[in-house]
There are 2 protein chains.
Amino acid sequence: MNLKELSKNLGLSQTTVSRALNGYPEVSDATRLRVQEAAKAHNYSPSNRAKGLATGRALAIGHVIPVSNRHEMVNPIFGDFIAGAGETYSRRGYEMVLSVVDDENEHKVYESLSSRRAVDGVVVHGPRMGDSRIAHLQKIGLPFAVHGRASGLDSTYTWLDVNNRRAFERATNFLIDLGHRRIAIINGLEVMDFAYRRREGYKSALGANDLPIDPKIMRSGEMTEVFGYESARDMLDDDDAPTAFVCSSLVCALGARRAIEERGLVMGKDVSIVTHDDALSYLQNGRDVPIFTATRSSVREAGRRLAQMLLDQIANPQSPPQQELLEAELMVGSSTGPAPRKD
Amino acid sequence: MNLKELSKNLGLSQTTVSRALNGYPEVSDATRLRVQEAAKAHNYSPSNRAKGLATGRALAIGHVIPVSNRHEMVNPIFGDFIAGAGETYSRRGYEMVLSVVDDENEHKVYESLSSRRAVDGVVVHGPRMGDSRIAHLQKIGLPFAVHGRASGLDSTYTWLDVNNRRAFERATNFLIDLGHRRIAIINGLEVMDFAYRRREGYKSALGANDLPIDPKIMRSGEMTEVFGYESARDMLDDDDAPTAFVCSSLVCALGARRAIEERGLVMGKDVSIVTHDDALSYLQNGRDVPIFTATRSSVREAGRRLAQMLLDQIANPQSPPQQELLEAELMVGSSTGPAPRKD
DNA sequence: ATCGCTTCCCAAAGCGCTTTGGATTTGGCA
DNA sequence: TGCCAAATCCAAAGCGCTTTGGGAAGCGAT
């Protein structure tokens, strides 16, 4: 069923039917109702493709998922973020198109999406420090919104980020207040902006309390369970082992806990952990009581929100870019406790 | 830059330029070369939208992601599966469009994708037993491929599945061979077809060894860490506790391990675990030595493969639907050991 | 009646591509 | 030299929609 058939069916012109369906004021309420009912009855929905051709808008947003081809790593937060963004899109009549791309070809994909007018805008995932994608997108004039930020850029653009620095500063302070003096960090890859900021927050808390910053207990890598495990294991086996960890993800924290327990130590007593928790649906941090003390911020909500910001920007191109900084909440669980006394 | 401009630029007709670029034989090699170079120079790439309108093909595949609106649960395998499928699509010039949808509105989304001709086919995720989506898609004539299968349907369609029954039969037998007599299962939601099949495999192994099938040690639910933990905890605290678990996912297994260790028991000695492992990139089952004994099958590879099967089917609509059954490999890790002696 | 507004509707052009059905040129061969 | 097929190219229609630029009623006021 297409417009032509539908309008013939109704004895109206295509113009009128189109206007009736798109809420233009030039048609009477009676006609509009009649049209809407016929559309529903015939299960008609307009072809996005034709609509896009006619209007110049694609009614689609692109998500370019970089997959590091070295590690074939897919970011675990991706599913939940997409789910959140998808809710917004479907509510506003947009489609989501995904491109999975190894991180070297990203620029080309943006060019192509833009020149083919395949999308009205894109969401940039996993910004790195001074990320070149941002300048590139500004150059080719494709609207975009960044999940996170890129330090070292002075231009303004639309982004939504968690206050990573503050979150890790608070996490570290929380441990310091419990008497911990030797606190390790198990961080994500520090070319990633979020990881850089978290480390800064960690360092700042240590510095403010006159505690030394020791590279020996600062690890960074791809945030897998194994990475969390190996990092924690190595540091715990060292003399001068830390009494506490801050972790960049629940997955890492699970690995760290494995290392702790493998050593016969008790988490929350001998060794404390504070982790960041993205509130992933399949990795809830406990049901009622949090397992881990955590700085928590829902990545799904971030997806919902960032998609809105992008759509708003596309709707009003002249309005200035929006930014939004979410504060993570600190939830106290059973993975932390007072620093063990030295005997 | 569009076709019209490009052809004006070259002093050729749109027809010729279009043919030159699409490899039709009616243009001379010299012209073709000239056209191709001009296209590259002007960074021209045709609008998918217009192309689709003209040809009737969308050059896009839809993935409809059902999100149970009760639990807001996103399947953790989703990211890796998509990454695999995305590789295939970009290699073959297709786009991937995602619709996130609560599980009640799925049928409508298929209708809409189909009637708007937004996609040339769809991938069906998470089939349930006797899944109604399959008949529906057949009815509306939208090509599709299923990740998994739906028991209780006699029609044939394209699918790719892991031999879940066999995998769990082997897992259970492996434990039986180690002397375990009381083996629990922590399964996914058993409306899901894969979970149903896994339970059948588990039961069949028990039955073949004259072991009783006891509903008290058979749990099924959404496969979160917490679910794994709570299930294992409850069963371990029971008298007549199991000495071994088979788990449907690594995430559950992590929860089960937590319960085991919380009770001061040692995994692989007091209690054994065999889990299914989807080989997710961020949840590797150990680096060198597997942590968990596991039945392993890469979900990413499944994505790659299933996308190929769907594209092939779209290219040759008359050829019969393909099926592919992957065998999971059993990898022995350190989570299993001989059944503890009763004293 | 006539005029001037609304109100409601329509015909047709155009978005960027493919494809049909020729038109023109070229080259081989008698 | 003339003819025919092959090789090249082109104009125009059409895919399903939006939108411009009207036109025809309907109605109260003159």
Side-chain angles (χ1 to χ4, degrees), chain A residues 1-36 38-39 42-60 93-95 112-120 315, chain B residues 1-36 38-39 42-60 93-95 111-120:
Chain A
M1 175 61 63
N2 56 23
L3 230 211
K4 202 184 196 169
E5 286 168 39
L6 184 64
S7 47
K8 190 170 295 174
N9 225 307
L10 280 159
L12 291 171
S13 75
Q14 295 192 37
T15 312
T16 304
V17 176
S18 165
R19 282 180 168 156
L21 292 175
N22 291 309
Y24 285 78
E26 293 96 336
V27 304
S28 69
D29 287 350
T31 321
R32 189 187 306 281
L33 210 67
R34 201 159 66 90
V35 171
Q36 284 171 341
H42 291 83
N43 196 9
Y44 165 79
S45 57
S47 147
N48 255 358
R49 203 187 339 281
K51 204 164 181 163
L53 240 203
T55 57
R57 304 187 316 149
L59 292 177
Y94 272 73
E95 234 138 52
S112 151
L113 286 175
S114 166
S115 75
R116 290 175 313 157
R117 318 235 150 172
V119 298
D120 295 324
Chain B
M1 174 62 62
N2 57 22
L3 232 211
K4 199 177 186 177
E5 287 169 40
L6 184 66
S7 47
K8 190 169 295 173
N9 225 307
L10 281 159
L12 291 171
S13 77
Q14 296 192 36
T15 311
T16 304
V17 176
S18 166
R19 284 182 169 156
L21 292 175
N22 291 310
Y24 284 78
E26 293 95 335
V27 304
S28 68
D29 287 352
T31 323
R32 189 188 306 281
L33 210 69
R34 201 159 67 91
V35 170
Q36 284 171 341
H42 291 84
N43 195 10
Y44 166 80
S45 58
S47 147
N48 254 359
R49 204 189 334 288
K51 205 165 182 162
L53 241 203
T55 57
R57 303 190 314 148
L59 292 177
Y94 271 73
E95 233 139 52
E111 300 268 9
S112 151
L113 286 175
S114 167
S115 75
R116 288 176 314 158
R117 318 236 149 171
V119 298
D120 296 324

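Throughout, a chain's letter reflects where its sequence line sits, starting with A, and its residues are numbered from 1. Remember, it's a predicted structure, so these values are computed and weren't measured experimentally.
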How long is the span from the [atom1] atom in [X] to the [atom2] atom in [Y], to the nearest 0.5 Å?
{"X": "A:Ser47", "Y": "A:Met1", "atom1": "OG", "atom2": "CE", "result": "14.5 Å"}
{"X": "B:Arg57", "Y": "B:Asn48", "atom1": "CZ", "atom2": "CG", "result": "10.0 Å"}
{"X": "B:Leu3", "Y": "B:Lys51", "atom1": "CG", "atom2": "NZ", "result": "9.5 Å"}

Could you pull out all residues at least two apart from A:Asn43 that satisfy side chain to side chain contact (heavy atoms under 4.5 Å, CB included)?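 In terms of side chain to side chain contact (heavy atoms under 4.5 Å, CB included), with neighbours along the sequence ignored, A:Asn43 is linked to B:Glu111.
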
Under the side chain to side chain contact (heavy atoms under 4.5 Å, CB included) test, residues paired with A:Ala39 that sit two or more places apart: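 By the side chain to side chain contact (heavy atoms under 4.5 Å, CB included) rule, A:Ala39 matches A:Leu6, A:Leu21, A:Tyr44.
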
Side chain to side chain donor-acceptor pair (under 3.5 Å) partners for [X], two or more places apart:
{"X": "A:Ser114", "value": "none"}
{"X": "B:Ser112", "value": "B:Arg116"}
{"X": "B:Arg34", "value": "none"}
{"X": "B:Ser28", "value": "B:Thr31"}

Does any pair with a residue in residues 4-15 of chain A pass side chain to side chain donor-acceptor pair (under 3.5 Å), and if so which ones, sequence neighbours excluded?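 Every side chain to side chain donor-acceptor pair (under 3.5 Å) pair that includes a residue of residues 4-15 of chain A, provided the two are not neighbours, is A:Ser13-A:Thr16.
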
On a heavy-atom basis, which atom in [X] and which in [Y] lie closest, and how many Å separate them?
{"X": "B:Ala60", "Y": "B:Ala118", "answer": "CB-O, 3.9 Å"}
{"X": "A:Leu53", "Y": "B:Arg49", "answer": "N-CD, 3.1 Å"}
{"X": "B:Asp120", "Y": "B:Tyr94", "answer": "OD2-CE2, 3.6 Å"}

Between A:Arg117 and B:Asn2, is any pair of side-chain heavy atoms under 4.5 Å apart?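 SC-SC contact between A:Arg117 and B:Asn2 ruled out.
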
Rounding to an integer number of Å, can you tell me how far [X] [atom1] sits from [N] [atom2]?
{"X": "B:Tyr24", "N": "C:dT18", "atom1": "OH", "atom2": "P", "answer": "8 Å"}
{"X": "B:Lys8", "N": "C:dG16", "atom1": "NZ", "atom2": "C1'", "answer": "13 Å"}
{"X": "A:Lys4", "N": "C:dA11", "atom1": "NZ", "atom2": "P", "answer": "13 Å"}
{"X": "A:Leu6", "N": "D:dC17", "atom1": "CG", "atom2": "P", "answer": "9 Å"}
{"X": "A:Leu10", "N": "C:dC9", "atom1": "CG", "atom2": "C1'", "answer": "13 Å"}
{"X": "A:Arg34", "N": "C:dC8", "atom1": "CZ", "atom2": "P", "answer": "13 Å"}
{"X": "A:Met1", "N": "D:dC17", "atom1": "CE", "atom2": "C1'", "answer": "15 Å"}

Respond yes when some side-chain nitrogen or oxygen of B:Asn2 is under 4.0 Å from OP1 or OP2 of C:dC15, and no when none is.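 No, because none of the side-chain N or O atoms of B:Asn2 sits under 4.0 Å from OP1 or OP2 of C:dC15.
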
When you check the phosphate oxygens OP1 and OP2 of C:dG16, does a side-chain N or O of B:Tyr44 lie under 4.0 Å from one of them?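 For B:Tyr44, the contact criterion (side-chain N or O under 4.0 Å from OP1 or OP2 of C:dG16) is not met.
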
Work out how much the helix from C:dA1-D:dT30 to C:dA30-D:dT1 bends between its end axes, five pairs an end, to the nearest 10 degrees.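 Roughly 60° between the end axes, to the nearest 10°.
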
Using a strict heavy-atom distance below 4.0 Å, which residues from residues 50-59 of chain A are in contact with DNA chain C?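 A:Leu53, A:Ala54 - these, ordered by number, are the residues of the stretch whose heavy atoms sit under 4.0 Å from the strand.
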
Take nucleotides 4-12 of chain D nucleotide by nucleotide from the 5' end and write B, S or -, depending on whether a protein heavy atom sits under 4.0 Å from the base, only from the sugar-phosphate, or from neither. ----BBBBB

Nearest of C:dT18, D:dC17, C:dC15 to any side-chain atom of B:Asn22?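 Looking only at side-chain atoms, B:Asn22 lies closest to C:dT18.
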
With the criterion being N/O to N/O and under 3.5 Å, what pairs connect the protein with nucleotides 23-25 of chain C, and how long is each?
none

